[in-house]
Protein chains: 2
Amino acid sequence: MAIELRPSQALRLLHELSLVQVRDDAPDLSPRQLAILLSVYLETPPHTVRGLASRLGVTKPVVTRALDTMGALHLVSRRRDEADRRNVIIQRTVEGALYLEKLGDQVVAVARALPR
Amino acid sequence: MAIELRPSQALRLLHELSLVQVRDDAPDLSPRQLAILLSVYLETPPHTVRGLASRLGVTKPVVTRALDTMGALHLVSRRRDEADRRNVIIQRTVEGALYLEKLGDQVVAVARALPR
DNA sequence: AAGGATCGTTACGGCAGCGGATTGTTCCCG
DNA sequence: CGGGAACAATCCGCTGCCGTAACGATCCTT
């Protein structure tokens, strides 16, 4: 069965979540960066710059820059595709998995505390 | 009863949501801006710059700038507090209400489409 | 072997956000 | 009534992201 949620609950959820995120001085990713990160971790590999760009409807430089930033944070890593050396394969990292695990738990906790 | 949600569902929810947001070329607000907007619309007035800043754990200039930006988008408006003219009262707008209504509906739609 | 196509990255100029310090009003209290 | 406190806005230099346009490397086709 699907998750039932009323609009007012949805907004409260977003509110609590955004407050947690803003306070947390975990480096707050931009919406685009988060979208890329989630795509890499939730969708089936392999992931390329080109694929992610078209998936999100943004330009390739946006993806490259986001990978630069998140790479510096060790949330993702890059590797040349040896089969086709033009491609770059985006890989998951332990730190990235932990980051998302924590994020998921935060959402669950906030949702649980939501008034019915 | 509380909203029950598994971590994997939570991440999928965020994923779909971020994709919708990124594609939508609705001006995507930064996490901080969204947090301020939601606070203004979900918490009981009156809202002041100082109050919002301490609520979010950010500095006052951050709030002022966010209000500048969102004011230009007509998502909020400002008014001097006549009782204490040092204060500025942040007010809701019709456009802001519509923006959040739409956002809430998006969350609901995404949640409903989530695999159980 | 060569031309063009594809891929990711980088360069560029511009815009917006940041923290910290300062300013100008307005209020409060001794 | 005068000096300090409180409040929001502004200024400063900096950093990071944006879109467009190039670029180098690699592949593919003929």
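Just so we're on the same page: letters track the sequence lines, and every chain starts at 1. Just so you know, these numbers come straight off a predicted model, no measurement behind them.
The distance between atom CG of D81(B) and atom P of dC7(D), rounded to the nearest whole Å, is 12 Å. Residue R32(A) contributes atom CZ, which lies 15 Å from atom C1' of dG17(C) at whole-angstrom precision. For the pair M70(A) CE and dG16(D) P, the interatomic distance rounds to 15 Å; values are reported in whole Å. Rounded to a whole Å, the CZ atom of R79(B) is 13 Å from the P atom of dA9(D). One atom, CD1 of I36(A), and another, C1' of dC17(D), lie 12 Å apart when rounded to the nearest Å. Atom CG in L52(B) sits about 11 Å away from atom P in dA9(D), given to the nearest Å.
Under a 3.5 Å cut-off, the side chain of Q9(A) and the backbone N or O of P115(A) do form a donor-acceptor pair. Checked by atom type and distance alone, the side chain of T93(A) pairs as donor or acceptor with a backbone atom of H74(A) at under 3.5 Å.
Applying the side chain to side chain contact (heavy atoms under 4.5 Å, CB included) criterion to V108(A), with sequence neighbours excluded, gives R112(A), P7(B), A10(B). For S30(B), the side chain to side chain contact (heavy atoms under 4.5 Å, CB included) partners are R32(B), Q33(B), not counting sequence neighbours. Not counting sequence neighbours, E16(A) has no partner by the side chain to side chain donor-acceptor pair (under 3.5 Å) test.
Of the two residues near DNA chain D, S30(A) and A83(A), the one whose nearest nucleotide lies more 5' is S30(A).
Axis orientation changes by 10° from one end of the helix from dA1(C)-dT30(D) to dG30(C)-dC1(D) to the other, with each end axis drawn from 5 pairs and the value rounded to 10°.
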Show me the protein contacts with nucleotides 6-16 of chain C, counting only N or O atoms at under 3.5 Å.
residue	atom	partner	partner atom	Å
dT6(C)	O2	R86(A)	NH1	3.4
dC7(C)	OP2	R50(A)	NE	3.1
dC7(C)	O3'	N87(A)	OD1	3.1
dG8(C)	OP1	V49(A)	N	3.2
dG8(C)	OP2	R50(A)	N	2.7
dG8(C)	N7	K60(A)	NZ	2.8
dT9(C)	OP1	R78(A)	NH1	2.9
dT9(C)	OP2	T64(A)	OG1	2.9
dT9(C)	OP2	R78(A)	NH1	3.3

Requested in this report: For salt bridge (charged side-chain N to carboxylate O under 4.0 Å, His left out), just list the numbers for D68(A) and R78(A), CA-CA rounded to whole Å, side-chain angles, deciding distance to a tenth of an Å, and then say yes or no.
Outcome: CA-CA 9 Å; D68(A) 287 344; R78(A) 276 184 277 203; 2.4 Å; yes

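Cluster annotation: V58(B) is connected to Y41(B) through the hydrophobic network of ILVMFWY side chains, with a link wherever side-chain heavy atoms come within less than 4.5 Å.
Residue pairs meeting the salt bridge (charged side-chain N to carboxylate O under 4.0 Å, His left out) criterion with at least one member in residues 43-66 of chain A, sequence neighbours excluded: E43(A)-R55(A).
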